[in-house]
Amino acid sequence: MKIKNRNDLRLILMIILSLGGQIVSLYKSIYTAQYYGTSDAMDAYNYATNLGTFFFDFVASGVATVILPAYVKKIKNKSVNSFISLIYGIVSIILIFVYLFRRPLIQILTNRDNIFIDAFCNYVLIAFLIQACISLVLVLSAFFQSKDMYVIPRIVLFVSNITVLIVLLIIGKASIDVYFRIIFIGAFLNLVINYLLAIKMGFKYVPTLKLADPDTQKLIALFAPTLLSCGVFKIHTLIDTMITTNIGTGSLTILTYSSQVSGMISNFVIANMLTIAYPQIIRGVETENKQKELWKYAISFQAIICLLVCGFIAIGENGINLLYVKGEFTAKSGHILYMGALMYLAAQILLIIRDLIFRFFYAMENTKDTVSNSIISCVFNIIMSLILVKPLGMYGVILGTFISGAISMVMILFRMKKLYGLEKFGLNLFELIKNIIVLVISVFAIILIKKHIIIENDVMAILIYGVLTVIIFVILAIIFKLKAIKIKL
């Protein structure tokens with residue numbers, strides 16, 4: 001991909017900032033793994049966090065998707081503020097209810113012992129507060145994106161994460177309660193700084209409720225199917241959490257670490273690329289070639305993910321052994337973590353295409369057609385997880401997500417073809433297949449190299465295998481003339 005415009009330079013800066021943030025997040029995961037292991041307390045906190053994420057991401061993903069076009073199209077502030085006030089007011093009421101009745105609810109949802117239940121009741125409030133801060137930052141990020149100020153939220157997140165890292169380094173081992181309070185302070189700091197900067201840039205929020213306002217009603221109408229689409233995905237994530245929690249002590253914590261590791265590897269690139277891609281897709285639908293931006297990003301993003309997957313196969317287990325396997329975290333847990341993270345990361349090869357197509361539908365102000373897709377995908381995911389968890393354990397839960405995601409992608413492609421057609425789909429599909437071919441050949445090559453060149457030192461293995469993987473992938477990308485290396489973002 002040639003770096004010839006401001007978007008490319010901005011993307012690189014965002015990736016650098018996010019990489020710094022991901023390194024801090026990685027340290028936090030290593031910190032909890034080393035000092036708290038796969039205990040009931042960590043399972044309880046992760047369960048509470050996933051529950052909070054369910055409610056806030058349920059809303060934040062949909063809100064950000066709806067208000068970004070609203071900010072771009074300069075819909076009046078009172079309408080947007082009324083929409084935000086209504087949605088977050090409802091969520092607040094629900095969470096207050098959940099908190100007040102947390103003990104009977106957790107007893108119904110799990111079959112864990114009193115140690116787990118007591119820990120959950122202790123940590124659920126702070127977990128909700130942390131997720132609330134993260135959710136509100138997503139809303140502010142939508143405002144920054146509408147102003148083409150993509151970098152600001154990344155800088156603020158980096159500063160708040162560095163603050164947390166410094167505090168953790170200073171105090172060393174702390175009680176789990178102290179650790180959670182430090183994480184909350186970092187999340188709150190991130191929210192406050194973003195809010196103050198947004199105000200300086202022209203953001204205005206005053207709590208208001210004007211349900212009779214036509215623009216507010218339009219936003220609610222757009223949000224309802226988006227809520228269902230995002231919410232259905234969160235429902236099966238929550239159910240996966242419940243299923244994994246009941247496997248046994250430590251399973252949920254390892255699943256959470258697997259998700260975090262794959263997220264740290266992919267999200268610091270993909271989240272930034274999606275941040276830039278969505279506004280461009282919105283603008284692209286106004287042109288003659290409505291799908292040009294969509295497929296440009298799909299081909300590029302998938303190629304990058306293929307490289308990440310290849311690299312993780314080459315050095316992922318070495319990295320996990322080096323960083324995680326120490327203190328309370330065993331080598332066996334480390335291997336399970338590696339396999340889980342690899343499965344999550346590999347799923348992104350297909351899911352990134354689906355996510356971009358979803359954004360195309362949102363840009364066309366068509367949120368209804370993503371709902372039926374998400375509902376079917378969710379139901380299939382739950383069924384597959386329940387079937388596969390018994391023979392495969394935690395891996396069955398992840399595999400169910402992978403299979404349902406693939407089905408979701410195929411379904412939304414067929415729907416897109418019916419409604420809007422598929423511009424140059426044969427050529428675009430050929431490029432996507434070439435990306436996967438390069439990945440497969442690269443993986444076979446690196447496996448052969450690792451078989452004949454055995455490096456026992458994890459640091460040296462990461463350096464040597466990592467460099468060789470990049471060289472092999474790039475050479476094959478040139479040989480196969482991947483379109484991704486020529487695309488300007």
Side-chain angles (χ1 to χ4, degrees), residues 57-58 61-70 72 218-237 239 270 273-274 277-302 305 346-385 400-433 435-436:
D57 276 9
F58 200 111
S61 299
V63 169
T65 299
V66 170
I67 65 173
L68 175 54
V72 171
K218 184 178 179 181
L219 291 174
I220 294 170
L222 287 172
F223 176 70
T226 305
L227 174 68
L228 289 173
S229 178
C230 298
V232 166
F233 172 76
K234 296 302 176 184
I235 288 172
H236 82 63
T237 301
I239 291 175
I270 296 171
M273 292 190 296
L274 286 176
Y278 185 37
Q280 301 306 320
I281 291 173
I282 292 173
R283 296 182 180 101
V285 298
E286 303 296 331
T287 65
E288 184 178 351
N289 299 319
K290 296 181 184 297
Q291 297 176 19
K292 181 180 178 181
E293 295 297 311
L294 164 65
W295 293 113
K296 177 182 79 173
Y297 287 114
I299 292 167
S300 299
F301 292 5
Q302 190 203 50
I305 294 170
Q348 290 298 323
I349 294 172
L350 298 180
L351 295 182
I352 187 63
I353 301 171
R354 182 202 64 180
D355 291 345
L356 285 166
I357 294 174
F358 270 30
R359 280 163 174 76
F360 175 81
F361 273 69
Y362 299 151
M364 297 294 290
E365 296 189 351
N366 180 352
T367 54
K368 294 181 181 179
D369 281 307
T370 59
V371 174
S372 58
N373 178 287
S374 298
I375 291 174
I376 295 173
S377 173
C378 173
V379 171
F380 195 85
N381 181 286
I382 294 169
I383 293 171
M384 291 303 298
S385 294
T401 301
F402 181 92
I403 294 172
S404 64
I407 291 173
S408 173
M409 184 197 71
V410 172
M411 287 172 50
I412 199 67
L413 270 173
F414 276 110
R415 189 61 180 163
M416 183 177 177
K417 180 181 180 181
K418 182 177 180 180
L419 292 177
Y420 310 112
L422 295 171
E423 296 175 6
K424 299 180 180 179
F425 183 67
L427 292 174
N428 292 323
L429 179 61
F430 180 62
E431 290 298 329
L432 293 170
I433 292 173
N435 288 342
I436 295 175

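Atoms considered below: every heavy atom in the structure, side chains included; atoms not considered: hydrogens, waters and symmetry mates.
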Atom pair [atom1]/[atom2] of [X] and [Y] - distance to nearest 0.5 Å:
{"X": "Asn435", "Y": "Phe430", "atom1": "CG", "atom2": "CZ", "result": "10.5 Å"}
{"X": "Thr401", "Y": "Met384", "atom1": "OG1", "atom2": "CE", "result": "10.5 Å"}
{"X": "Leu432", "Y": "Leu427", "atom1": "CG", "atom2": "CG", "result": "11.0 Å"}
{"X": "Ile357", "Y": "Ile412", "atom1": "CD1", "atom2": "CD1", "result": "7.0 Å"}
{"X": "Ile353", "Y": "Leu356", "atom1": "CD1", "atom2": "CG", "result": "8.5 Å"}
{"X": "Asp369", "Y": "Met364", "atom1": "CG", "atom2": "CE", "result": "11.0 Å"}

In the structure I gave you, are the side-chain heavy atoms of [X] and [Y] within less than 4.5 Å of one another anywhere?
{"X": "Glu431", "Y": "Asn428", "result": "no"}
{"X": "Met409", "Y": "Leu351", "result": "no"}
{"X": "Ile282", "Y": "Tyr362", "result": "no"}
{"X": "Asn373", "Y": "Phe358", "result": "yes"}
{"X": "Asn366", "Y": "Arg415", "result": "no"}
{"X": "Trp295", "Y": "Lys424", "result": "no"}
{"X": "Lys417", "Y": "Phe425", "result": "no"}
{"X": "Met416", "Y": "Gln291", "result": "yes"}

query = Taking the side chain from Ser385 and the backbone from Asn381, do they hold a donor-acceptor pair closer than 3.5 Å?
reply =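 Between the backbone of Asn381 and the side chain of Ser385 there is a qualifying donor-acceptor contact (under 3.5 Å).
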
request  = Taking all non-hydrogen atoms of both residues into account, name the closest pair between Ile281 and Phe360 and its distance.
outcome  =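 Minimum heavy-atom contact is CG2-CA, 3.8 Å.
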
task = Identify the heavy atoms of Ser408 and Arg354 that sit nearest to each other, and give their distance.
result =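 Taking Ser408 first and Arg354 second, the nearest heavy atoms are OG-CD, 3.0 Å.
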
query = When Val379 is tested against each of Ile376, Ile382, Ile383 for side-chain contact (heavy atoms from CB on, under 4.5 Å), which residue passes?
reply =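 One option only clears the test, and that one is Ile383.
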
query = Partners of Arg359 by side-chain hydrogen bond (donor to acceptor under 3.5 Å, both in side chains), sequence neighbours excluded?
reply =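 side-chain hydrogen bond (donor to acceptor under 3.5 Å, both in side chains) check on Arg359 returns nothing, list empty.
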
query = Could you walk me through whether Asp355 and Phe301 pass the side chain to side chain contact (heavy atoms under 4.5 Å, CB included) check?
reply = CA-CA 11 Å; Asp355 291 345; Phe301 292 5; over 6 Å; no

